[in-house]
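What follows is a set of notes on a single structure, which appears directly below.
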2 protein chains.
Amino acid sequence: MTDDFDIKDFLPYLLNQAADASSLEFQHYYKSRYGMLRTEWRVLFHLGRYGTMTAKDICTRAGLHKTKVSRAVTALEQKRFLTRQEVARDRRHESLQLTKAGHRAFADLAAEAQRFDAALTAGFDPDERDMLRRCLQQIAGL
Amino acid sequence: MTDDFDIKDFLPYLLNQAADASSLEFQHYYKSRYGMLRTEWRVLFHLGRYGTMTAKDICTRAGLHKTKVSRAVTALEQKRFLTRQEVARDRRHESLQLTKAGHRAFADLAAEAQRFDAALTAGFDPDERDMLRRCLQQIAGL
DNA sequence: TATTGTTAGTTACAAAAACAACTAATATCC
DNA sequence: GGATATTAGTTGTTTTTGTAACTAACAATA
């Protein structure tokens, strides 16, 4: 009954394997170059791409837990990639913005990500790529 | 130049989000029911589906590091889901086999995985499903 | 048959993630 | 206005992972 069910066809397994494999090389890039962790790169990306926002905003947009973001923000601050600014209206919030160095790192990594993405999907034809992204976005609930 | 590059289109990001989202519910199942970790479930699956083999075989087939497998085997042994058996010919190897309880757990989880997989892809039509799996297998290097 | 190399698996330690408990600021409701 | 609840963010502790060093068995070679 379940004898023909192969783990290689089990979607969560496949997705994890593909995610791990595809992350590995890019991870090496931001790790060796900027000493960043994955969450740091994501926070940097969100601020670089969408501009100033609070930690909470990043949590919501990126689907990350607040402790992860909190620690990533601290790390990026120590690397001088971002600064915090109190929001007068509500002092629980801190608006986060990238420094010059932060913007440079973002620009570099974003360009690299784009190249990397292109290389990764080079073997697929355009409608395969679109379909792949659509399927993944649906599964991810984005 | 890179201003229009959205992280939601970056394949490693998408793959990770989709992998996390899709794993969550199933993970909850084997965790609450059998107290298993992800690696334990994978080891269990390999032994249940492909029969007796050594830890090394599982490493190779599942693309897992030997320390992970070693710990998972210890954990599954303590749960009485598998037993080890020395290989006379070469005492470095240990052949691993599921116990009755291990087989039961495998059957239960495999059936659940199958249901879960079906539910996950219910929104896609057949050729989308095939393409998705093919793309993922290629990216994962399987 | 010593020497060196390789392989399977374990163990120990460091890095990272997950989870819970906490502080401080603001909102709500009596 | 004061008790209570919520929200943003941090800190501390426990799990889990990653990495490297290790043991034991075998292989190869001189």
Side-chain angles (χ1 to χ4, degrees), chain A residues 16-17 19-21 23-28 30-32 34-43 46-47 52-79 82-97, chain B residues 16-17 19-21 23-25 27-28 30-32 34-44 46-47 52-79 82-97:
Chain A
N16 274 292
Q17 296 288 113
D20 288 352
S23 298
L24 209 68
E25 198 186 332
F26 188 65
Q27 177 176 21
H28 178 264
Y30 59 70
K31 200 171 187 176
S32 66
Y34 300 101
M36 279 188 204
L37 258 34
R38 195 209 307 254
T39 311
E40 292 172 48
W41 140 247
R42 287 194 187 172
V43 167
H46 278 266
L47 290 171
T52 294
M53 59 176 86
T54 68
K56 182 67 208 298
D57 294 332
I58 298 174
C59 291
T60 308
R61 295 189 81 133
L64 290 167
H65 196 268
K66 58 185 181 172
T67 60
K68 269 180 144 179
V69 171
S70 174
R71 286 181 164 124
V73 166
T74 303
L76 289 170
E77 193 182 24
Q78 279 167 354
K79 293 186 181 86
L82 65 74
T83 55
R84 308 175 194 234
Q85 202 174 346
E86 251 189 19
V87 175
R89 181 175 47 69
D90 185 341
R91 275 179 310 175
R92 284 173 304 182
H93 297 72
E94 306 180 298
S95 88
L96 306 169
Q97 51 273 316
Chain B
N16 273 293
Q17 295 290 111
D20 287 354
S23 297
L24 208 70
E25 199 185 333
Q27 177 177 20
H28 178 263
Y30 58 70
K31 201 170 187 176
S32 66
Y34 300 101
M36 279 188 203
L37 258 34
R38 197 208 308 255
T39 311
E40 293 172 49
W41 141 246
R42 287 194 187 172
V43 167
L44 184 88
H46 277 266
L47 291 171
T52 294
M53 59 176 86
T54 69
K56 182 69 207 297
D57 295 331
I58 297 174
C59 291
T60 308
R61 297 189 80 135
L64 291 168
H65 196 267
K66 59 185 180 171
T67 60
K68 267 181 145 179
V69 172
S70 174
R71 290 196 259 245
V73 166
T74 303
L76 289 170
E77 194 182 23
Q78 280 168 353
K79 294 185 181 87
L82 65 76
T83 56
R84 307 174 194 235
Q85 202 173 347
E86 251 189 19
V87 176
R89 179 176 47 69
D90 184 341
R91 275 179 308 173
R92 284 173 305 183
H93 296 73
E94 307 180 297
S95 87
L96 306 168
Q97 52 272 316

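Basis for what follows: all heavy atoms, side chains included, without hydrogens, waters or symmetry-related copies. So you know, we letter chains A, B, ... as the sequences are listed, proteins then strands, and number each from 1.
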From the options [options], select the nucleotide whose nearest atom is closest to the side chain of [X].
{"X": "B/R71", "options": "C/dG9, C/dA12, D/dT13", "value": "C/dA12"}
{"X": "B/E94", "options": "C/dA12, D/dT10, C/dT10", "value": "C/dT10"}
{"X": "B/H65", "options": "C/dC19, D/dT17, D/dT19", "value": "D/dT19"}

Out of curiosity, [X] [atom1] to [Y] [atom2], how far, rounded to the nearest 0.5 Å?
{"X": "A/M53", "Y": "A/C59", "atom1": "CE", "atom2": "SG", "answer": "11.0 Å"}
{"X": "B/Q78", "Y": "B/T74", "atom1": "CD", "atom2": "OG1", "answer": "6.5 Å"}
{"X": "A/T83", "Y": "A/E77", "atom1": "OG1", "atom2": "CD", "answer": "8.0 Å"}

Atom CD of residue position B/Q97 - does it have more than 12 heavy atoms of other residues, nucleotides or ligands inside 6.0 Å?
yes

How about NZ on A/K56, more than 12 heavy atoms from neighbouring residues, nucleotides or ligands closer than 6.0 Å, or not?
no

Spacing between [X] atom [atom1] and [N] atom [atom2], to the nearest angstrom:
{"X": "A/L82", "N": "D/dG9", "atom1": "CG", "atom2": "P", "value": "12 Å"}
{"X": "A/K68", "N": "C/dA15", "atom1": "NZ", "atom2": "P", "value": "19 Å"}
{"X": "A/Q27", "N": "D/dT17", "atom1": "CD", "atom2": "P", "value": "15 Å"}
{"X": "A/H93", "N": "D/dT7", "atom1": "NE2", "atom2": "C1'", "value": "8 Å"}
{"X": "A/L64", "N": "C/dA16", "atom1": "CG", "atom2": "P", "value": "16 Å"}
{"X": "A/N16", "N": "D/dT17", "atom1": "CG", "atom2": "C1'", "value": "14 Å"}
{"X": "B/H28", "N": "C/dC19", "atom1": "NE2", "atom2": "P", "value": "11 Å"}
{"X": "A/I58", "N": "D/dA8", "atom1": "CD1", "atom2": "C1'", "value": "13 Å"}

N or O in side chain of [X] less than 4.0 angstrom from [N] OP1/OP2:
{"X": "B/S70", "N": "C/dT10", "result": "yes"}
{"X": "A/R84", "N": "D/dT10", "result": "yes"}
{"X": "A/K56", "N": "D/dT7", "result": "no"}

Relative to the ring of A/W41, is the ring of A/F26 parallel (under 30°), tilted (30 to 60°) or perpendicular (over 60°)?
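Rings of A/F26 and A/W41: perpendicular, over 60°.
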
Which residues satisfy the ring-ring contact (aromatic ring centres under 6.0 Å, His included) test with A/H93, sequence neighbours excluded?
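If we apply the ring-ring contact (aromatic ring centres under 6.0 Å, His included) test to A/H93, skipping adjacent residues, there are no hits.
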
Answer yes if the side chains of B/T60 and B/D57 hold a donor-acceptor pair under 3.5 Å, and no otherwise.
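Side chains of B/T60 and B/D57: no pair found under 3.5 Å.
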
For B/R42, the option from B/L47, B/L37, B/L64 that meets side-chain contact (heavy atoms from CB on, under 4.5 Å):
B/L64

Anything under 3.5 Å between a protein N or O and an N or O of nucleotides 21-27 of chain C, put it in a table, one pair a line.
residue : atom : partner : partner atom : Å
C/dT26  : OP1  : A/R91   : N            : 3.0

Strictly below 4.0 Å, heavy-atom distances to any atom of DNA chain D: list the hits from residues 35-43 of chain B, or just say none.
B/L37

